[in-house]
Participant: 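Please see the structure below; I have some questions.
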2 protein chains.
Amino acid sequence: MKYSNQTRILVAVDSIVFGFDGSEYKLLLIQRGFAPEKEKWSLMGGFLQPEESLDEAAKRILKQLTGLQDIYLEELKSFSRPNRDPIERVIAVTYVALIDIKKYQQQINDDFHARWFPMKELPQLIFDHQEMVEIALNKLRYKAAFHPILFELLPDKFTLPQLQNMYEGLYNTKFDKRNFTRKVLSTNLLNKENDKDKLNSKKGAFYYSLDEKQYKDTLLSIQNFIPLTEING
Amino acid sequence: MKYSNQTRILVAVDSIVFGFDGSEYKLLLIQRGFAPEKEKWSLMGGFLQPEESLDEAAKRILKQLTGLQDIYLEELKSFSRPNRDPIERVIAVTYVALIDIKKYQQQINDDFHARWFPMKELPQLIFDHQEMVEIALNKLRYKAAFHPILFELLPDKFTLPQLQNMYEGLYNTKFDKRNFTRKVLSTNLLNKENDKDKLNSKKGAFYYSLDEKQYKDTLLSIQNFIPLTEING
DNA sequence: CCAAAAGTGTTATAGCTACACCCATGC
DNA sequence: GCATGGGTGTAGCTATAACACTTTTGG
């Protein structure tokens with residue numbers, strides 16, 4: 001039995017994958033393998049299959065296109081303008097993913113054809129993918145102000161200067177490092193390690209790691225990472 | 001031309017319509033007019049049509065089922081478990097709407113068959129609509145803590161005690177009225193009127209109205225309406 | 001020895017919370 | 001005249017923002 005007199009539609013899943021390499025934000029793109037817009041740059045996309053949910057589809061597609069697994073992935077919003085795809089009607093449900101670029105760089109380069117583009121040097125994207133990226137970036141700015149999600153972009157061990165760079169990069173601003181350090185440490189999310197990163201300075205900066213238990217407890221609660229004045233403009 | 005070898009799927013739009021009548025929150029439900037689950041209570045739902053976006057579909061369906069127009073409507077999330085509808089595969093994109101119950105009560109009762117249910121006395125809902133409501137309510141609590149969206153639930157003129165009731169109802173808590181008044185007035189969102197509401201007290205409470213310009217400027221910015229402790233639990 | 005980045009403390013201010021009494025009116 | 005809900009001010013505390021110097025070490 002079916003519902004009668006209704007139109008069935010193709011459903012796509014597109015993932016906006018943000019990465020951070022220690023100094024700047026990048027977006028993961030892939031060259032589309034089929035017409036239209038074959039060879040143009042695209043988000044990580046594919047069609048929803050009969051036996052999977054959208055969450056599952058997003059995970060599957062990301063794995064197929066990049067090998068990435070077990071990463072932060074969250075629904076963003078749907079895009080459904082009737083003519084957004086010239087071939088036929090397709091609605092897209094978008095997801096945002098956050099990953100530490102270095103952790104997967106080899107894998108992505110060698111086995112797949114996805115490529116990282118600095119946020120300021122994005123190529124032209126197919127369809128409405130440009131708009132998806134802008135909305136995703138705005139949501140990331142919004143959400144990161146209250147929830148410690150940016151840690152998803154860092155390696156297991158990272159330094160406070162790296163962490164501050166990451167926040168400053170997202171909001172295009174500079175924070176006082178004394179205040180930033182105090183605020184971050186007051187969350188009890190970080191454990192100080194005994195060794196230092198000596199690549200970025202002569203003195204070396206202590207590594208910290210995420211306290212996984214605290215992190216999971218805190219993800220859904222609301223902190224205040226960024227002064228409201230930075231968000232409201 | 002079409003994409004080949006892909007499955008096309010029914011896309012539904014379901015709207016969670018929250019209302020406030022001055023003392024409690026209610027949910028607008030309708031008796032489903034077709035099988036399966038005919039006559040059972042359902043959110044305001046319908047199928048996406050070929051020439052409309054999801055936003056447009058949500059508006060159209062709401063108008064068809066309730067006569068409601070020009071109300072606050074925002075995408076929530078998609079629901080796509082493969083067997084969520086027993087007839088055939090349907091993915092649903094949900095929207096949340098906020099309205100002042102009294103403003104439309106006549107219209108809804110007389111011309112349509114939608115009905116308001118107090119949040120604590122909801123009937124069994126079809127499919128996964130129960131889950132949709134819970135997620136919508138959580139998001140409303142989250143969002144209302146930082147953005148003045150709850151004003152959508154109030155009539156054009158309202159009193160500070162009504163406003164406070166509305167916030168207290170959403171968070172199931174009580175606020176100190178001196179602090180609440182000060183915080184609300186400090187936003188400059190409200191204009192004091194000259195007349196009073198004398199229905200709810202002998203002394204009467206002054207009416208206030210939204211400053212439309214301030215409101216539009218403020219909607220996207222982030223305030224702090226509710227102490228974080230109330231949200232984080 | 002010097003350049004470059006890491007690390008650290010104090011003070012002033014603003015915003016928040018807690019708290020209690022008087023006012024206006026209908027009955 | 002009294003019961004009911006509306007309206008208002010202050011003081012202590014906490015969180016935030018602004019600010020500059022010392023430390024370490026590779027070259």
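Letters A, B, ... are given to chains in the order of the sequence lines, protein chains preceding strands, and every chain is numbered from 1. This is a predicted model, so every value here is computed, not measured.
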Participant: Ring of B:F79, cation from B:K77 - is the NZ or CZ under 6.0 Å from the centre and inside 45° of the axis?
Facilitator: yes
Participant: May I ask you to check whether B:H147 and A:Y142 place their ring centres under 6.0 Å from each other?
Facilitator: yes
Participant: Would you check, one step at a time, whether the test salt bridge (Lys or Arg N to Asp or Glu O under 4.0 Å) holds for B:K120 with B:E24?
Facilitator: CA-CA 10 Å; B:K120 281 148 201 160; B:E24 70 175 336; 5.8 Å; no
Participant: Do A:S15 and A:I61 come within less than 4.5 Å of each other through their side chains, counting heavy atoms only?
Facilitator: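 In short, these two side chains do not touch, never coming nearer than 4.5 Å.
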Participant: Any heavy-atom pair between the side chains of A:R115 and A:L29 that's under 4.5 Å?
Facilitator: no
Participant: When the distance from CZ of A:F158 to C1' of C:dA6 is rounded to whole Å, what number comes out?
Facilitator: 16 Å
Participant: So, taking the atom named CD1 in A:I126 and the one named CZ in A:R32, what distance separates them when rounded to the nearest 0.5 Å?
Facilitator: 4.5 Å
Participant: Between A:E168 (CD) and C:dA5 (P), how many Å, whole number?
Facilitator: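 A:E168 atom CD is separated from C:dA5 atom P by 14 Å.
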Participant: For A:Y208 and C:dA6, what is the distance between atoms OH and C1' respectively, to the nearest whole Å?
Facilitator: 10 Å
Participant: Could you tell me how far apart A:F206 (CZ) and D:dT23 (P) are, to the nearest whole angstrom?
Facilitator: 16 Å
Participant: Output one line per pair: protein atom, nucleotide atom from nucleotides 24-27 of chain C, and distance, for all N/O pairs under 3.5 Å.
Facilitator:
from	atom 1	to	atom 2	distance (Å)
C:dT25	O3'	B:K202	O	3.4

Participant: Enumerate the residues from residues 172-189 of chain B whose closest heavy atom to DNA chain D is under 4.0 Å, giving them by residue number; use none for an empty result.
Facilitator: B:K177, B:R178, B:R182
Participant: Find the distance A:L228:CG to C:dG15:P and express it as a whole number of Å.
Facilitator: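 Rounded to whole Å, this separation is 11 Å.
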Participant: Using atom CG of A:N200 as one end and atom P of D:dG26 as the other, report the distance to the nearest whole Å.
Facilitator: 14 Å
Participant: With A:Y25 as reference, evaluate A:W116, A:F20, A:F18, A:Y171 under the ring-ring contact (aromatic ring centres under 6.0 Å, His included) test and give the passing residue.
Facilitator: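 It is A:F20; the other options fail the test.
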Participant: Would you mind reading off the distance between B:L163 atom CG and D:dG6 atom P, rounded to a whole angstrom?
Facilitator: 13 Å
Participant: Mind checking what makes side chain to side chain donor-acceptor pair (under 3.5 Å) contact with B:R182, not counting sequence neighbours?
Facilitator: B:N179
Participant: Using whole Å, what does the distance between atom P of nucleotide D:dG5 and atom CG of B:L160 come to?
Facilitator: 17 Å
Participant: So A:E230 and A:F175, do their side chains get closer than 4.5 Å, heavy atoms only?
Facilitator: yes
